[in-house]
Structure formats: structure tokens, C-alpha cells
Colleague: 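Here it is: the structure, laid out below.
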Amino acid sequence: MSIVRLQRVTLCGMVKEKEAVLDQLQCLGCLHLSPLRATSQTDGEAASERPETAYRALRHLGDTPDKRLQIRFDPDFNIDAVVEKAEENRLALIAAQRRQEELETHIRLQIPWGDFIPPRPDELGGYKLWYYQVPNYQLTRIAGDLTYQIVQRDDRFAYVVVISQSEPAPGLMPVSRSLVGHRSLSSLYHLLERNSQHIEELNFERLSLTRWIFLISQHLVRAEDQAALRYAVNTSWDEGSLFAVQGWIAVYRLTEIRLFAERYHLASLIEEPGTEDRPPTLLSNPAVLSGGEDMARFFQTPDYRDWDPSRVLFFSFALFFAMIMADAGYALVLGLVLLVAWRRFGRSQGGRRLRSLSIVTLSMALSYGVLAGSYFGVSPAEGSVLGALNHLDMHDFDSMITLSVVIGVLHLMLANGMKAAYHWGHHSAWVAVGWNGFLLGAVMLWLTKTGALSVTLANVSWIFITVGLLLVIFYAGSRPIHNARSAMLRLLSGIHALTHATKALGDVLSYLRLFALGLASSSLAVTFNQLSSDVMQAMPGVGILLGLLILLLGHVLNLALAVMSGVVHGLRLNFIEFYNWGLSDEGYPFRTFKKKELLHE
């Protein structure tokens with residue numbers, strides 16, 4: 001649970017060797033570059049240059065369900081020609097699919113009128129045909145002086161054709177006219193068939209182009225590497241025949257950069273970060289727990305001088321998800337899904353991180369479900385092995401509310417405790433200690449009122465509350481005290497900080513969602529079981545099929561809601577309540593200047 005210590009490295013060399021040196025530095029891949037001079041807009045764009053057309057083509061080919069065997073080497077490969085073909089295929093396929101939808105719509109609208117070729121105006125002596133889909137109950141509202149014919153009729157509508165030189169006035173027909181095309185129904189079916197064949201040909205072409213996916217990806221990565229190199233060249237400092245490049249490096253890689261400087265005859269300067277510097281944040285956690293890093297970066301990268309919340313997020317999210325799901329059967333189903341997708345998750349680093357997080361989360365969900373005694377909403381029989389493991393009653397509201405509140409208090413106290421530990425010596429550390437005293441005293445006082453703790457501890461809880469609030473009042477203001485006026489202003493700042501007491505209590509109560517959502521999930525499972533049982537008993541025979549259908553659909557829906565609630569609210573309690581008390585400033589991530597192409601070889 002650490003943020004890697006960084007040092008600033010400055011390398012100097014000859015300008016004529018700059019590009020070669022930076023290219024090798026990119027191969028080494030250990031620095032987060034800091035620009036030493038401002039760049040033009042063109043230079044800035046070069047750093048994030050992405051050939052969007054090529055990436056669209058790559059996504060288009062990558063979304064193909066079946067792919068051809070990849071070609072991994074072709075000296076005559078022309079990425080521009082292949083990308084152009086893929087882009088043309090993509091646009092043509094979009095147009096053909098849109099045309100398919102239009103033809104299907106026209107056919108659907110024209111079927112009631114029958115298969116005929118609409119006549120041209122010169123064939124009817126200047127008269128035209130006007131088409132109306134009139135509800136049966138409105139037929140009597142058709143003006144009597146119109147010449148019309150009912151060509152088709154069903155239970156709801158009459159399909160009326162009016163012959164007239166001009167469109168009937170709005171008041172003569174009860175409805176607006178229907179738009180019927182100038183083609184016959186059979187010709188529309190013919191066009192639909194030809195368009196379907198065209199779509200099939202385009203899909204065959206798309207399938208054929210998928211054999212170039214690997215080479216396109218490789219060339220795109222190479223293009224991004226070149227763009228990053230150009231940006232590094234343009235943002236380095238040139239002075240006469242010398243150049244300088246600067247960046248941040250992890251302390252455990254200092255030996256590599258020293259050897260690099262010796263190999264290429266570069267002057268190097270290694271410095272500790274100054275108080276005015278804002279180094280990037282490089283998180284370091286064991287591979288098994290690195291899924292917490294993804295959650296931390298997703299919401300807010302901690303500041304370099306703050307602490308790494310990754311491991312806390314990892315385990316607290318798993319616990320909150322388990323409490324919200326509150327069913328061992330659902331955890332087993334998700335475990336089977338994870339087992340099926342095990343190899344797919346293992347193909348990428350991000351997938352392996354998600355896999356580790358999923359293992360811990362589902363293990364906690366299974367354990368909590370066993371303690372809650374819920375297996376797809378069914379409770380184990382008393383006296384059974386599973387019944388002996390049932391120690392939580394979801395319908396014991398007092399106990400479950402107490403559990404949720406205590407977990408909330410401990411979570412917020414952990415946030416304040418970590419903040420105090422990493423900022424010890426600063427006034428904010430004592431403020432965090434003060435809020436922990438207030439939270440501990442408040443929860444102890446509440447537990448004595450509910451009977452969970454001895455009443456004699458009430459006086460002790462008031463001591464924690466009083467000392468905690470006094471620490472907040474005294475240390476919340478950072479203004480130095482020189483005279484009575486500055487002392488009064490600091491006191492007012494401390495009193496104003498006490499308004500966060502209501503926020504602290506509100507944040508603790510926010511953890512009640514763990515109990516509420518867990519109870520909702522458990523209750524829904526029981527309800528679907530009861531509905532299924534009632535249907536089976538009320539309708540012998542076919543009721544068994546309907547009951548099984550209700551059981552399946554109900555539990556699938558409840559599982560989906562439980563997963564969604566577990567993810568959303570599990571993250572929310574970490575990112576909103578926990579982050580607000582535990583982290584002070586936001587940082588920016590450490591981005592290594594390295595060749596991506598080497599990672600793809």
C-alpha cells in the first residue's frame with residue numbers, strides 16, 4: 001500500500017545525438033517525461049496523435065464474430081491500402097444495412113395495399129391515387145363527393161384509395177394520407193433480396209480483411225511510438241550544441257538510468273523532489289491486489305505526497321458487494337461464470353487484475369451468504385451443517401442496522417487514521433484524529449442507547465466526543481496565532497469546521513444501504529420462490545412449467561439487480577464517503593515514456 005518514491009532526472013548530451021538518445025531512452029522505458037519548453041499546438045497534438053481512420057477500421061474488423069488466420073509477416077504489407085479498404089467496407093456496410101431497414105419498412109407499410117404498380121399521372125388523364133388508412137369507425141366521415149375505393153380491410157382499418165387530380169382537402173378525409181412508394185410490392189421484395197446479397201458480399205469482404213488485424217495493430221503501435229518520440233524531441237531543451245531532457249524515475253530504477261547515461265556519454269543530474277514540485281503518482285501493489293489500483297485511478301489518482309488507498313478499496317469493495325448480494329447461491333453462479341471466462345480474463349494484464357478482484361469478491365460474497373443463510377432465497381434447515389453456519393438474520397433489523405453502522409464508522413475511521421499517519425506533524429493529521437474521536441464516541445454513545453454496550457460507557461463516549469471536537473476546533477484553522485485577533489479568527493475557523501459533524505453522521509448513515517440492499521435482494525429471492533410455488537400449486541400440470549419459468553426469470557433478474565447494486569453502491573461508498581475523509585489532494589498518474597511496439601512483439 002505505497003506510492004513509489006520518485007526522483008527527478010536530468011540528462012544532457014549533444015544535439016546531433018538527441019533523437020538517437022531519446023529513441024533508446026524510449027526503449028529503456030523508465031522515465032515519466034517533463035517538458036522543458038512550451039510546444040506549439042501541432043507538437044502537442046503529436047503526443048496524442050492517433051490515426052482515427054485506422055483505429056475505426058481496426059475496431060470494425062475486430063468486431064467481426066469469426067476471423068481469418070492472422071498474417072504476422074508480409075514485406076509488401078501496405079497499411080494505408082488495407083485501412084482504406086476496411087473503411088470503405090465499413091461505410092458500405094452501414095449504408096447497406098440502413099437501406100435494408102428502409103426497404104423492410106416500405107414493405108411493411110405496403111403489404112396491406114397489395115402487389116400492384118402505382119400508375120403514373122399521365123396514365124390516368126392527370127388524375128392521381130391517394131392512399132388512406134382509415135379506422136373502421138371513421139369510414140362514415142369520408143366526404144360523399146370523393147371518388148374512392150376500399151381495396152383492403154381488417155379488424156381495425158379500411159385501406160382506402162381516393163382518385164383525384166389533387167390531394168383532398170384536410171376536412172374531406174378523417175385521417176392524413178399514407179405514404180405509399182412508387183414501386184410495387186414484388187419489386188420491393190426484389191430490391192430487398194439484392195440488398196441482402198450485397199450485405200453478404202460485404203461481410204465476406206470484411207471477413208477476408210480480418211487476416212490483417214495483427215499487422216494493422218503492429219503498425220499503429222509503431223505510429224504511436226513515433227508520435228511520442230516526436231513529442232519528446234520537441235519538448236526537450238536545446239542550447240547551442242547541447243540538449244537536455246528531464247523526467248521522473250522510480251528510485252529502484254536509478255541504476256538503469258545511470259548505466260544508460262554512461263553508455264551514451266550523457267551528463268546526468270538526479271535530485272529529490274522539491275516542496276514546490278508536483279511529481280506524478282506511481283502506485284505499486286502485489287499483482288494479486290493490483291485490481292485496487294484500477295479502482296483508485298478510475299475515480300481519483302492520489303497525490304504523490306498522499307497515501308495509496310488501493311488495498312483498502314480492494315477489500316472494502318469486496319465486502320460491500322458481498323453484503324449487498326447477501327446470497328451464497330448467487331455467488332456460486334457468478335463463480336461458475338468466472339470459471340468459464342477464466343482463460344479469457346488471463347489474456348491481458350487488466351483481465352488478470354479483474355480476475356483477482358473477482359475471486360476475492362465472490363469468496364466474500366459466498367462466505368457472507370453462508371453466514372446469512374440464503375441460498376437462492378432458501379434458508380437451510382435447522383440442525384443441518386449449513387444451518388449451523390447461519391449466524392446472521394437479515395430480518396433482525398436492529399442487529400443488521402448496528403452491523404452496517406459499525407462497518408461505516410470503522411471505514412471512515414480507517415480513512416482518517418491513514419490520513420493522520422501519512423500527514424503526521426501537520427495540523428490536518430490532528431483534525432483527522434479529532435474526527436476519529438468524535439466518530440468513536442458517537443457510535444459508542446449510540447450503542448449504549450441501543451443496549452449493545454454497557455450504559456457505564458456513556459461517560460467514556462462523551463469524553464471521546466468532547467476531546468475530538470476540541471482537536472477539530474483548535475487544528476482546523478492553519479492561521480498562526482500572533483495576537484488576539486488572529487486567535488479569534490482561528491477559533492472561528494475551527495467552529496466553522498464543526499459543521500462537518502453533520503456530514504460525518506450523514507456519511508455513516510449512508511452505509512445503511514448495505515443492509516437495505518441486502519434485505520431487498522434476499523426478499524426478492526424469497527418472493528420469486530413463493531410466486532413459483534403458488535403457481536405450481538394453483539395450476540397442476542402446466543403450472544409446473546410456468547412456475548419454473550417464474551423461478552428462472554425471477555432469479556436472473558434479481559441476480560442482475562444485485563450485481564448492479566453491488567458494483568454501483570460498493571464503489572460509491574469508497575469513492576464518495578471514504579475518499580472525502582481519507583484523501584486530500586488529487587494527483588496525476590505516472591506515464592512511462594516507452595515503446596508500446598516492444599510490448600506487442
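Since the structure is predicted, the reported quantities are computational estimates derived from the model, not experimental observations. Keep in mind that the numbers below use all heavy atoms, side chains included, and drop hydrogens, waters and symmetry copies.
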Colleague: Taking the side chain as every heavy atom from C-beta outward, state whether Asp306 and His423 have any atom pair closer than 4.5 Å.
Modeller: yes

Colleague: Are Trp430 and Trp435 an aromatic pair, judged by ring center distance below 6.0 Å?
Modeller: no

Colleague: Do you know which two heavy atoms are closest between Leu505 and Ala442, and how far apart they sit?
Modeller: CD2-CB, 4.5 Å

Colleague: Find out whether Val567 and Phe321 are in side-chain contact, i.e. whether some heavy atom of one side chain is under 4.5 Å from a heavy atom of the other.
Modeller: yes

Colleague: Any chance OH of Tyr588 has more than 12 other-residue heavy atoms, nucleotides or ligands included, within less than 6.0 Å?
Modeller: yes

Colleague: Check whether any side-chain N or O of Thr502 sits under 3.5 Å from a backbone N or O of Thr499 as a donor-acceptor pair, and report yes or no.
Modeller: yes

Colleague: Quick one, Leu61 with Asn89, criterion side chain to side chain contact (heavy atoms under 4.5 Å, CB included). Give me CA distance, side-chain angles, the key distance, then yes/no.
Modeller: CA-CA 10 Å; Leu61 299 180; Asn89 177 269; 5.6 Å; no

Colleague: Evaluate whether atom CE of Met488 has more than 12 neighbouring non-hydrogen atoms of other residues, nucleotides or ligands under 6.0 angstrom away.
Modeller: no

Colleague: What's the spacing between Ile216 CD1 and Ile71 CD1 if we round to 0.5 Å?
Modeller: 10.5 Å

Colleague: Any donor and acceptor pair, going by atom type alone, linking the side chain of Arg305 with main-chain N or O of Tyr422 inside 3.5 Å?
Modeller: no

Colleague: Does Ser208 use its side chain to pair, donor to acceptor, with the backbone of Phe204 at less than 3.5 Å?
Modeller: no

Colleague: For a quick test of reading the model, state the closest non-hydrogen atom pair linking Val82 to Phe77 and the distance between them.
Modeller: CG2-CE1, 3.6 Å

Colleague: Would you check if the side chain of Lys595 reaches a backbone N or O of Gly29 as a donor-acceptor pair within less than 3.5 Å?
Modeller: no

Colleague: Can you tell me how far CG of Leu202 sits from CG of Leu93, rounded to the nearest 0.5 angstrom?
Modeller: 5.5 Å

Colleague: Are the side chain of Thr301 and the backbone N or O of Gly587 linked by a donor-acceptor pair below 3.5 Å?
Modeller: no

Colleague: Does the His32 side chain pair with the main chain of Arg591, one donor and one acceptor, at a distance under 3.5 Å?
Modeller: yes

Colleague: Kindly compute the distance separating CD1 (Ile3) from OG (Ser284), expressed to the nearest 0.5 Å.
Modeller: 11.0 Å

Colleague: Could you grab the distance from atom CG of Leu440 to atom CG of Leu412, nearest 0.5 Å is fine?
Modeller: 12.5 Å

Colleague: Does any pair with a residue in residues 262-273 pass side-chain hydrogen bond (donor to acceptor under 3.5 Å, both in side chains), and if so which ones, sequence neighbours excluded?
Modeller: Arg5-Glu272, Gln7-Glu272, Arg8-Glu271, Gln24-Tyr264

Colleague: Just checking, any donor-acceptor pair under 3.5 angstrom between side chains of Ser510 and Glu577?
Modeller: yes

Colleague: Indicate yes or no: at least one non-hydrogen side-chain atom of Leu207 is less than 4.5 angstrom from one of Asn203.
Modeller: no

Colleague: List the steps and the verdict of side chain to side chain contact (heavy atoms under 4.5 Å, CB included) for Asp303 and Arg278.
Modeller: CA-CA 8 Å; Asp303 186 71; Arg278 289 192 68 244; 3.9 Å; yes

Colleague: Check whether any side-chain heavy atom of Asp23 lies under 4.5 Å from a side-chain heavy atom of Glu19, and answer yes or no.
Modeller: no

Colleague: Under the side-chain hydrogen bond (donor to acceptor under 3.5 Å, both in side chains) criterion, do Asp308 and Asn285 qualify, and how do the steps go?
Modeller: CA-CA 9 Å; Asp308 178 12; Asn285 290 278; 3.0 Å; yes

Colleague: Please check if the distance between the ring centroids of Trp248 and Phe590 is under 6.0 Å.
Modeller: no

Colleague: Do Leu242 and Cys12 touch side chain to side chain, with heavy atoms closer than 4.5 Å?
Modeller: no

Colleague: More than 12 non-hydrogen atoms from neighbouring residues, nucleotides or ligands closer than 6.0 Å to NE2 on His427, yes or no?
Modeller: yes

Colleague: Apply the test salt bridge (charged side-chain N to carboxylate O under 4.0 Å, His left out) to residues Asp63 and Arg59: give CA-CA distance (whole Å), side-chain angles for both, the deciding distance (0.1 Å), then the verdict.
Modeller: CA-CA 6 Å; Asp63 290 339; Arg59 286 194 298 269; over 6 Å; no

Colleague: Quick one: do Val221 and Asp225 satisfy side chain to side chain contact (heavy atoms under 4.5 Å, CB included)? Show the steps, please.
Modeller: CA-CA 6 Å; Val221 169; Asp225 287 344; 4.0 Å; yes

Colleague: Please report the interatomic distance CD(Glu293) to CZ(Arg311), rounded to the nearest 0.5 Å.
Modeller: 9.0 Å

Colleague: When rounded to the nearest 0.5 angstrom, what is the spacing between CG in Leu357 and CG in Leu354?
Modeller: 6.5 Å

Colleague: Determine yes or no for a side-chain-to-main-chain donor-acceptor pair under 3.5 angstrom, with Ser348 supplying the side chain and Gly351 the backbone.
Modeller: yes

Colleague: If every non-hydrogen atom of Leu366 is compared with every non-hydrogen atom of Ala331, which pair is closest and at what distance?
Modeller: N-CB, 3.6 Å

Colleague: Can you see which heavy atom on Gly346 is nearest to which on Arg352, and at what distance?
Modeller: O-NH1, 2.9 Å

Colleague: For the residue pair Val245 and Thr10, establish whether any side-chain heavy-atom pair is separated by less than 4.5 Å.
Modeller: no

Colleague: Output yes when a side-chain donor or acceptor of Arg206 lies under 3.5 Å from a complementary backbone atom of His60, and no otherwise.
Modeller: yes

Colleague: What is the ring orientation for Tyr579 with Phe575, classed by angle as parallel under 30°, tilted 30 to 60°, or perpendicular over 60°?
Modeller: perpendicular

Colleague: Side-chain contact test, heavy atoms from C-beta onward, threshold under 4.5 Å: evaluate it for Asn436 versus Trp581 and give yes or no.
Modeller: no

Colleague: Does any N or O in the side chain of Ser290 come within less than 3.5 Å of the main-chain N or O of Ala287, such that one atom is a donor and the other an acceptor?
Modeller: yes

Colleague: Look at the side chain of Thr281 and the backbone N and O of Tyr304, then say whether any donor-acceptor pair between them is shorter than 3.5 Å.
Modeller: yes

Colleague: Using every non-hydrogen atom in the two residues, find where Met323 and Ser404 come nearest and quote the distance to one decimal.
Modeller: CE-OG, 4.4 Å

Colleague: Using salt bridge (charged side-chain N to carboxylate O under 4.0 Å, His left out), reason through Glu88 and Lys85 one step at a time and then give a plain yes or no.
Modeller: CA-CA 5 Å; Glu88 289 176 355; Lys85 286 182 180 179; over 6 Å; no

Colleague: Do Trp237 and Gln246 pass the side chain to side chain contact (heavy atoms under 4.5 Å, CB included) test, and can you show the C-alpha distance, the side-chain angles, and the key distance before you say yes or no?
Modeller: CA-CA 9 Å; Trp237 181 264; Gln246 191 176 86; over 6 Å; no

Colleague: How about Gln70: does its CD atom have over 12 heavy atoms from other parts shown lying under 6.0 Å from it?
Modeller: yes

Colleague: Locate the shortest heavy-atom distance separating Gly441 from Phe464; write the atom from each residue and the value.
Modeller: CA-CB, 3.7 Å

Colleague: Taking the side chain as every heavy atom from C-beta outward, state whether Trp424 and Val433 have any pair of such atoms under 4.5 Å apart.
Modeller: yes

